Structure formats: structure tokens, C-alpha cells
Amino acid sequence: EVQLVESGGGLVQPGGSLRLSCAASGFTFGNYDMAWVRQAPREGPEWVSAINSGGDRPIYAHSVQGRFTISRDNHDNTLYLQMNKLKPDDTAVYYCAKDIGSDPMGDNFWTVSGYEYNGWGQGTQVTVSS
């Protein structure tokens, strides 16, 4: 059973920083690309960042490029998102997600910006406000 548990969210002022973590279990973490997706109130999901299974090829949405850093520790089965210079528009629930890879497309999947995920957590709230 795939399980992803996000943590590290909270309330910060504009310009501040947060580090999100995602603890993964129930699958071979090091074999899968991973991603962060966020959803603001009354908005659809927004793809934020992804990283390949080996951890050496991160990619970012334009809105967070230069401010956020995605990383992973395959020994600890943990995904991270370092968020700096936070803006009010970054306010959202942040989810980590497991890329479907070569898994069959079943009933439990989520498509965001053309990427397909078959596992995600309950999310952690990030609020950026003065």
C-alpha cells in the first residue's frame, strides 16, 4: 500500500522560508520519479516541481523557479521541497505525488500538467501572509 505523508507546512511572512518533507512507504521509492503539486482555495491543482528517481534532474514550474529546490534522499525514502522567498500566491495545500512510471493505469490516478500520478498524500497547508 502506497503511503505518502507530508509535513513542514505552516504560516510564514512574505519573504520567509519553509522546508516541506514527504515520507514515503509501501513502494520502492528509489525507482520512481516524484513531484510536488499544490492547490489553492477554489483553484485546480498546480504542478510545482518534479525530480527523477536518481535525484539529479529537478524541474520546476516557472512560478517557483529560482525560489524552490526539490530534493530526495532515497536511503531515507523522503522527498523534500525547500521554499525560499515565499509569496502570498504560494499559499496552498502542498501534496507530494508518486509518478506512475511504468505502472498500469488503474482507478486511482491524478493527472496534473500532463504528468500522471498514482499516489499522493493528504497534503500540508502553507500560508504566506503578513
Side-chain angles (χ1 to χ4, degrees):
E1 175 181 327
V2 172
Q3 187 171 40
L4 299 169
V5 181
E6 301 94 340
S7 62
L11 174 64
V12 296
Q13 296 186 62
S17 297
L18 283 173
R19 191 190 195 196
L20 306 184
S21 298
C22 172
S25 61
F27 66 103
T28 305
F29 180 75
N31 287 349
Y32 289 88
D33 297 352
M34 296 292 295
W36 288 97
V37 175
R38 67 187 182 187
Q39 190 161 16
R42 291 169 277 106
E43 300 288 338
E46 179 188 12
W47 180 85
V48 175
S49 183
I51 191 166
N52 67 312
S53 60
D56 60 347
R57 292 196 295 276
I59 54 175
Y60 302 93
H62 175 75
S63 59
V64 307
Q65 180 76 45
R67 300 187 297 118
F68 290 11
T69 302
I70 189 171
S71 62
R72 64 193 296 163
D73 187 333
N74 287 347
H75 294 117
D76 291 338
N77 291 350
T78 304
L79 178 73
Y80 301 98
L81 186 68
Q82 177 67 48
M83 305 185 295
N84 299 324
K85 299 180 179 179
L86 283 160
K87 305 174 180 179
D89 283 351
D90 295 320
T91 296
V93 177
Y94 284 70
Y95 302 89
C96 65
K98 168 188 173 292
D99 192 273
I100 194 168
S102 297
D103 293 348
M105 183 70 73
D107 294 332
N108 189 40
F109 67 94
W110 191 20
T111 302
V112 183
S113 296
Y115 300 101
E116 297 171 336
Y117 306 107
N118 64 347
W120 54 90
Q122 292 188 317
T124 186
Q125 176 71 51
V126 172
T127 302
V128 185
S129 176
S130 59

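For the numbers below, each heavy atom of this structure counts, side chains included, while hydrogens, waters and symmetry mates do not. A quick note: this is a predicted structure, and the numbers were derived from the prediction, not measured.
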**Q** Got a second to check how far R57's CZ is from N52's CG, nearest 0.5 Å?
**A**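 With rounding to 0.5 Å, CZ (R57) is 4.0 Å from CG (N52).
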
**Q** Side chains of residues 11-24: which donor-acceptor partners sit under 3.5 Å, not counting sequence neighbours?
**A**
residue, atom, partner, partner atom, Å
S17, OG, N84, OD1, 2.9

**Q** Hey, mind stepping through T124 and S7 against side-chain contact (heavy atoms from CB on, under 4.5 Å) and telling me if it holds?
**A** CA-CA 6 Å; T124 186; S7 62; 5.6 Å; no

**Q** Which heavy atom of I70 sits nearest a heavy atom of P58, and at what distance?
**A**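 Smallest interatomic distance, heavy atoms only, reads CG2-CB, 3.5 Å.
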
**Q** Is there a donor-acceptor pair closer than 3.5 Å between any side-chain N or O of D76 and the backbone N or O of D73?
**A**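 Side chain of D76 to backbone of D73: no pair is present.
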
**Q** Is there a side-chain contact (heavy atoms from CB on, under 4.5 Å) between Q122 and L4 once you walk through the steps?
**A** CA-CA 8 Å; Q122 292 188 317; L4 299 169; over 6 Å; no

**Q** With side chains defined as the heavy atoms from C-beta onward, is the minimum distance between V64 and W36 less than 4.5 Å?
**A**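 Not in contact.
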
**Q** Compare every heavy atom of L81 with every heavy atom of S49, then report the nearest pair and how far apart it is.
**A**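 Scanning both residues, the minimum pair turns out to be CB-CD1, 4.5 Å.
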
**Q** May I have all residue pairs that pass ring pair (Phe, Tyr, Trp, His ring centres under 6.0 Å) and include part of residues 73-101, sequence neighbours excluded?
**A**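 Pairs touching residues 73-101 that pass the test: Y95-W110.
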
**Q** So do the side chains of R72 and T78 get within less than 4.5 Å of each other, counting heavy atoms only?
**A**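 Heavy-atom side-chain distance check fails, nothing below 4.5 Å.
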
**Q** In Å and rounded to the nearest 0.5 Å, what is the CD to CG distance from E46 to D89?
**A**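 Atom-to-atom, E46:CD and D89:CG are 9.0 Å apart.
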
**Q** Between I51 and W120, is there a shared hydrophobic cluster once you connect ILVMFWY residues whose side-chain heavy atoms come closer than 4.5 Å?
**A**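 Shared cluster, no.
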
**Q** Would you call Y60 and R67 a side-chain contact if the rule is heavy atoms closer than 4.5 Å?
**A**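 No - every pair of side-chain heavy atoms lies 4.5 Å or more apart.
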
**Q** Let me confirm one number: the OG-CG distance from S102 to N31, rounded to the nearest 0.5 Å.
**A**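 Here the rounded value is 10.0 Å.
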
**Q** N74 and N77: which non-hydrogen atoms are nearest, and at how many Å?
**A**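 Heavy atoms only, the tightest pair is O-OD1, 3.2 Å.
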
**Q** Show me the donor-acceptor pairs, under 3.5 Å and distance only, between side chains in residues 111-118 and residues at least two apart or in other chains.
**A**
residue, atom, partner, partner atom, Å
Y117, OH, W47, NE1, 3.3
N118, OD1, K98, NZ, 2.7
N118, ND2, D103, OD2, 2.9

**Q** Do E6 and V93 have side chains that get closer than 4.5 Å, going by heavy atoms?
**A**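 No, their side chains stay 4.5 Å or more apart.
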
**Q** Once rounded to the nearest 0.5 Å, what's the spacing between atom CZ of F29 and atom CG of L79?
**A**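 So the gap between those two atoms works out to 5.5 Å.
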
**Q** Within the structure provided, determine whether V37 and Q39 are in side-chain contact (heavy-atom separation under 4.5 Å).
**A**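 Contact flag for V37/Q39 side chains = no.
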
**Q** Could you walk me through whether R38 and E43 satisfy the side-chain contact (heavy atoms from CB on, under 4.5 Å) test, starting with their C-alpha distance in whole Å, then the side-chain angles of each, then the deciding distance to 0.1 Å, before giving a yes or no?
**A** CA-CA 10 Å; R38 67 187 182 187; E43 300 288 338; over 6 Å; no

**Q** Any heavy-atom pair between the side chains of F27 and E1 that's under 4.5 Å?
**A**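 Side-chain contact under 4.5 Å: no.
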
